[in-house]
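Step one of this worksheet: look at the structure below.
Proteins get letters first, then strands, A, B, ... in listed order; numbering begins at 1 in each. Remember, it's a predicted structure, so these values are computed and weren't measured experimentally.
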Number of protein chains: 2
Amino acid sequence: MTLAYDVFDDRCPTRMVLDRLADKWALLVLDRLQGGPVRFNQLRRDIRGLSQKVLSQTLKRLERDGLIERSVRPTVPVSVDYALTPLGRTLTETVAAFAHWAERNMAAVLSAQAAYDAALTG
Amino acid sequence: MTLAYDVFDDRCPTRMVLDRLADKWALLVLDRLQGGPVRFNQLRRDIRGLSQKVLSQTLKRLERDGLIERSVRPTVPVSVDYALTPLGRTLTETVAAFAHWAERNMAAVLSAQAAYDAALTG
DNA sequence: CAGCATCCGCTCGGATACTG
DNA sequence: CAGTATCCGAGCGGATGCTG
């Protein structure tokens, strides 16, 4: 039988997963990997504002959760690239929709914020 | 003309929006509101582990961003319920897919974690 | 190039107490 | 019921320096 996983229950393991995914950096990494494998420093450059330490942590967690895969090519110096796993690929459509929702609806959000702030001031 | 919003640029305002949405509590609140208006303490009870302070902050931010709407009914004592706005409703499908991905893929994640940890130990 | 190690400020968020 | 106010500890994450 199937266990009744429930993300609204704080003792459910799905909460941990949600916690990992509901992270700005993890989302951007997953979205960036959608087009194919990307190397460490390339990710670091592409995702502006992401420090090397946090990128490292994020990649390690995503790899542990089975969403991405790390592969080392024995060049000199060594090349490491990260790619989505099949499991990770089941998430990318959702991630893309999510990450780019802001780009499509930025104007609406900005005007909502302006209206909200104006109501407080006036 | 349209500005080129880019969520990968840390100076782009979309980053702030992503930061707000990429939040465990915000996601759970939005998901919970999908079925219709819900009152404050009902949300607090439904979303286990969510403190009253953080719920309050989360609701205020979501309201400011125009995703949810607060309405007060003059009962005694007063009733306040929160509902999705049309803008918020454009997100709910994505939010639901996202929030419940963990429930559907929990087994795969758990086994990936076990494999990862075993590789380190062994 | 692809990281790890360390330090540390700052914010998130939990606990608690109080209000209309 | 639906919040606000305050305190405070834990940890996120940025900066810096070093390694194979």
Side-chain angles (χ1 to χ4, degrees), chain A residues 8-11 15-29 32-33 36-65 68-83 116 119-120, chain B residues 8-11 15-29 32-33 36-65 68-83 116 119-120:
Chain A
F8 287 104
D9 182 355
D10 57 340
R11 296 172 310 177
R15 260 301 169 79
M16 287 186 278
V17 177
L18 181 63
D19 222 355
R20 296 275 151 80
L21 294 179
D23 173 66
K24 181 178 49 180
W25 302 127
L27 287 178
L28 288 173
V29 166
R32 186 64 189 74
L33 292 181
V38 183
R39 295 172 60 178
F40 187 88
N41 278 312
Q42 188 63 44
L43 282 171
R44 181 159 155 51
R45 275 189 299 272
D46 290 348
I47 305 175
R48 311 297 301 191
L50 172 55
S51 74
Q52 171 274 330
K53 174 190 170 185
V54 173
L55 173 58
S56 191
Q57 289 175 347
T58 303
L59 289 170
K60 211 169 285 182
R61 280 193 286 241
L62 290 175
E63 188 192 357
R64 179 170 185 265
D65 290 345
I68 67 174
E69 193 174 26
R70 191 183 107 113
S71 54
V72 181
R73 278 177 296 144
T75 56
V76 178
V78 68
S79 303
V80 179
D81 41 36
Y82 293 89
Y116 184 92
L120 290 185
Chain B
F8 288 104
D9 182 356
D10 57 339
R11 296 172 312 177
R15 258 303 169 79
M16 287 187 279
V17 176
L18 181 62
D19 220 356
R20 296 276 152 79
L21 294 179
D23 173 66
K24 182 178 52 180
W25 301 128
L27 287 178
L28 289 172
V29 166
R32 188 63 189 75
L33 291 181
V38 182
R39 296 173 59 178
F40 186 89
N41 278 312
Q42 187 64 44
L43 282 171
R44 181 157 156 52
R45 275 189 298 272
D46 290 347
I47 306 175
R48 311 297 301 192
L50 171 55
S51 74
Q52 167 272 336
K53 174 190 169 184
V54 173
L55 174 58
S56 190
Q57 290 175 347
T58 302
L59 290 170
K60 213 170 282 183
R61 281 193 284 242
L62 290 175
E63 188 193 358
R64 179 169 185 266
D65 291 344
I68 66 174
E69 193 174 27
R70 189 184 107 113
S71 55
V72 182
R73 277 178 295 143
T75 56
V76 180
V78 68
S79 302
V80 179
D81 41 35
Y82 292 88
Y116 184 93
L120 291 185

Considering only heavy atoms from C-beta outward, does the side chain of [X] approach that of [Y] to under 4.5 Å?
{"X": "Phe40(B)", "Y": "Leu59(B)", "answer": "yes"}
{"X": "Asp19(A)", "Y": "Arg15(A)", "answer": "no"}
{"X": "Val29(A)", "Y": "Ile47(A)", "answer": "yes"}
{"X": "Leu28(A)", "Y": "Phe8(B)", "answer": "yes"}
{"X": "Leu43(A)", "Y": "Leu55(A)", "answer": "yes"}

Separation of [N] [atom2] from [X] [atom1] (nearest whole Å):
{"X": "Asp19(A)", "N": "dG14(C)", "atom1": "CG", "atom2": "C1'", "value": "15 Å"}
{"X": "Gln57(A)", "N": "dC4(C)", "atom1": "CD", "atom2": "P", "value": "10 Å"}
{"X": "Arg61(A)", "N": "dC12(D)", "atom1": "CZ", "atom2": "C1'", "value": "9 Å"}
{"X": "Asn41(B)", "N": "dC1(D)", "atom1": "CG", "atom2": "C1'", "value": "6 Å"}
{"X": "Arg20(A)", "N": "dG13(D)", "atom1": "CZ", "atom2": "P", "value": "12 Å"}
{"X": "Lys60(A)", "N": "dC12(D)", "atom1": "NZ", "atom2": "P", "value": "14 Å"}
{"X": "Glu63(B)", "N": "dG3(D)", "atom1": "CD", "atom2": "C1'", "value": "13 Å"}
{"X": "Leu50(A)", "N": "dC12(D)", "atom1": "CG", "atom2": "P", "value": "15 Å"}

Any side-chain N or O of [X] under 4.0 Å from OP1/OP2 of [N]?
{"X": "Arg39(A)", "N": "dC1(C)", "value": "no"}
{"X": "Arg70(A)", "N": "dA2(C)", "value": "no"}
{"X": "Ser56(A)", "N": "dC4(C)", "value": "yes"}

- Task: For the side chain of Arg45(B), starting at C-beta, report the closest nucleotide among dG14(D), dC1(D), dA2(C).
- Result: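 My answer, after comparing the listed nucleotides, is dC1(D).
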Report the nucleotide, chosen from dC1(C), dG14(C), dG13(D), that has the shortest atom-to-atom distance to any side-chain atom of Trp25(B).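 The listed nucleotide nearest to Trp25(B)'s side chain is dG14(C).
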query = When all nucleic acid strands are considered with a 4.0 Å heavy-atom cut-off, which category describes Lys24(B): base, sugar-phosphate, or nothing?
reply =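 Contact class for Lys24(B): none.
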Practice item. Name the nucleic acid region contacted by Arg44(A), choosing base, sugar-phosphate or nothing; use a 4.0 angstrom heavy-atom cut-off, strictly under. Key: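 The residue Arg44(A) makes no contact with any strand.
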Partner residues of Arg44(A) under the salt bridge (charged side-chain N to carboxylate O under 4.0 Å, His left out) criterion, sequence neighbours left out: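 With neighbours one apart ignored, the set is empty.
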Exercise. Could you pull out all residues at least two apart from Arg64(A) that satisfy side chain to side chain donor-acceptor pair (under 3.5 Å)?
Key: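 Expected list: Asp117(B).
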Please identify each residue that fulfils side chain to side chain donor-acceptor pair (under 3.5 Å) with Ser51(B), with sequence neighbours left out.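 Counting only residues at least two positions away or on another chain, Ser51(B) forms no side chain to side chain donor-acceptor pair (under 3.5 Å).
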- Quick one: list whatever passes side chain to side chain contact (heavy atoms under 4.5 Å, CB included) with Glu63(A), sequence neighbours left out.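 Ile68(A), Arg70(A), Tyr116(B).
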What's touching nucleotides 15-20 of chain C from the protein side, N or O pairs under 3.5 Å?
none

inquiry  = Looking at every non-hydrogen atom in both residues, tell me the closest pair between Ala26(B) and Thr58(B) and how far apart they are.
reply    =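 Heavy-atom minimum between the residues: CA-CG2, 3.7 Å.
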Anything below 3.5 Å on both distances counts as a pair; with that, list the stems of at least three consecutive Watson-Crick or G-U pairs involving DNA chain D.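 Expected stems, ordered by start: C:1-20 with D:1-20.
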